[in-house]
Peer 1: 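Take this structure first; my questions come after.
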Amino acid sequence: MGSTERKERAKQRRESRLQEISLLRTIPYSDHQRWWSSETIAVVTGSNRGIGFEIARQLAAHGLTVVITSRESSAGVEAAKVLQEGGLNVVCHQLDILDPSSIEQFCEWLQQNYGGLDILVSCTP
């Protein structure tokens with residue numbers, strides 16, 4: 001097998017693998033099989049940046065209502081604006097998971113506004 005043939009086979013393998021990865025990244029539920037809706041509430045802690053931000057973005061992109069939290073209100077508000085500008089259903093609330101009073105205030109707010117949560121993703125170190 002010549003150098004050109006090896007390169008072509010390697011290229012085909014890479015393209016095939018990229019297609020496999022793309023399929024794995026899609027949610028395997030059809031519309032009638034989904035158990036979530038826009039009324040499903042997901043809270044993602046530490047979601048003003050990094051992996052928390054991306055998780056919040058993807059959950060919202062799949063139609064959930066996402067509450068993003070951050071220790072600093074201003075950072076959370078900015079992250080929420082970015083996602084909202086993309087047409088996503090995202091709200092922000094301050095939360096410091098190491099502060100019991102912050103947790104209590106957040107829980108009260110969540111209960112008053114949404115009646116609770118369905119999904120909790122903790123991305124806070």
Side-chain angles (χ1 to χ4, degrees):
M1 180 181 319
S3 173
T4 305
E5 292 173 357
R6 281 194 302 272
K7 288 179 182 179
E8 185 60 33
R9 288 188 67 195
K11 180 180 176 184
Q12 289 174 348
R13 281 193 306 271
R14 278 192 307 276
E15 288 175 1
S16 176
R17 184 64 184 141
L18 288 174
Q19 288 175 349
E20 288 176 28
I21 290 169
S22 179
L23 286 173
L24 291 172
R25 294 175 111 182
T26 62
I27 292 189
Y29 299 103
S30 63
D31 288 340
H32 72 279
Q33 293 175 308
R34 288 185 180 179
W35 56 267
W36 67 90
S37 70
S38 62
E39 294 183 18
T40 303
I41 307 301
V43 173
V44 183
T45 67
S47 50
N48 58 301
R49 61 188 175 93
I51 194 165
F53 180 85
E54 181 61 19
I55 290 170
R57 186 191 68 74
Q58 288 191 26
L59 288 170
H62 287 294
L64 286 79
T65 297
V66 178
V67 179
I68 65 171
T69 69
S70 69
R71 278 177 269 170
E72 296 179 26
S73 293
S74 60
V77 168
E78 287 302 313
K81 282 181 186 178
V82 169
L83 296 173
Q84 290 166 347
E85 288 171 359
L88 300 176
N89 189 9
V90 176
V91 295
C92 176
H93 197 280
Q94 188 276 333
L95 174 63
D96 181 348
I97 65 166
L98 298 177
D99 179 359
S101 65
S102 177
I103 295 169
E104 189 173 323
Q105 290 173 357
F106 176 75
C107 290
E108 288 174 9
W109 174 84
L110 189 65
Q111 185 65 37
Q112 289 173 357
N113 288 278
Y114 297 100
L117 61 92
D118 301 295
I119 298 169
L120 174 61
V121 180
S122 179
C123 296
T124 307

Peer 1: Which distance, rounded to the nearest 0.5 Å, do you find between the NZ of K7 and the CD of Q12?
Peer 2: 15.0 Å
Peer 1: What is the distance from atom CD1 of I119 to atom CG of L64, rounded to the nearest 0.5 Å?
Peer 2: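 Between atom CD1 of I119 and atom CG of L64 there are 5.0 Å.
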Peer 1: If you look only at distance, which donor and acceptor atoms sit under 3.5 Å apart when one is on a side chain in residues 80-94 and the other is two or more places apart or in another chain?
Peer 2:
| unit_1 | atom_1 | unit_2 | atom_2 | d |
| --- | --- | --- | --- | --- |
| Q84 | NE2 | V90 | O | 2.5 |
| N89 | ND2 | T65 | OG1 | 2.8 |
| Q94 | OE1 | S102 | OG | 3.3 |
| Q94 | NE2 | R71 | O | 3.0 |

Peer 1: Taking all heavy atoms of S70 and all of A75, pick out the closest pair and write down the distance.
Peer 2: OG-C, 4.1 Å
Peer 1: Between I68 and A56, what is the shortest heavy-atom contact and its length?
Peer 2: CG2-CB, 3.6 Å
Peer 1: What pairs meet the salt bridge (charged side-chain N to carboxylate O under 4.0 Å, His left out) rule with one or both residues in residues 113-124, with sequence neighbours excluded?
Peer 2: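 Every candidate salt bridge (charged side-chain N to carboxylate O under 4.0 Å, His left out) pair involving residues 113-124 fails, so no pair, neighbours aside, qualifies.
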Peer 1: In the single-linkage hydrophobic clustering (I, L, V, M, F, W, Y; side-chain heavy atoms under 4.5 Å), do I103 and L120 co-cluster?
Peer 2: yes
Peer 1: Working to the nearest 0.5 Å, report the span between CD of E54 and CD of Q58.
Peer 2: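 Here the interatomic distance stands at 4.5 Å.
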Peer 1: By the definition side chain to side chain contact (heavy atoms under 4.5 Å, CB included), identify the one residue from T45, D99, T69 that meets it with F106.
Peer 2: T69
Peer 1: With heavy-atom distances below 4.5 Å as the criterion, would you say the side chains of V44 and C123 are in contact?
Peer 2: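 Side chain of V44 against side chain of C123, heavy atoms only: contact under 4.5 Å found.
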Peer 1: Nearest 0.5 Å, what's the CD-CD distance between E108 and Q105?
Peer 2: 7.5 Å
Peer 1: Please report the C-alpha distance between Y114 and V43 in whole Å, then the side-chain angles of each, then the deciding distance to 0.1 Å, and finally whether the side-chain contact (heavy atoms from CB on, under 4.5 Å) criterion is met.
Peer 2: CA-CA 11 Å; Y114 297 100; V43 173; over 6 Å; no
Peer 1: In Å, rounded to the nearest 0.5 Å, how long is the span from CZ of R13 to CD of E8?
Peer 2: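 One gets 11.0 Å once the value is rounded to the nearest 0.5 Å.
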Peer 1: Does any non-hydrogen side-chain atom of S16 lie less than 4.5 Å from one of E20?
Peer 2: yes
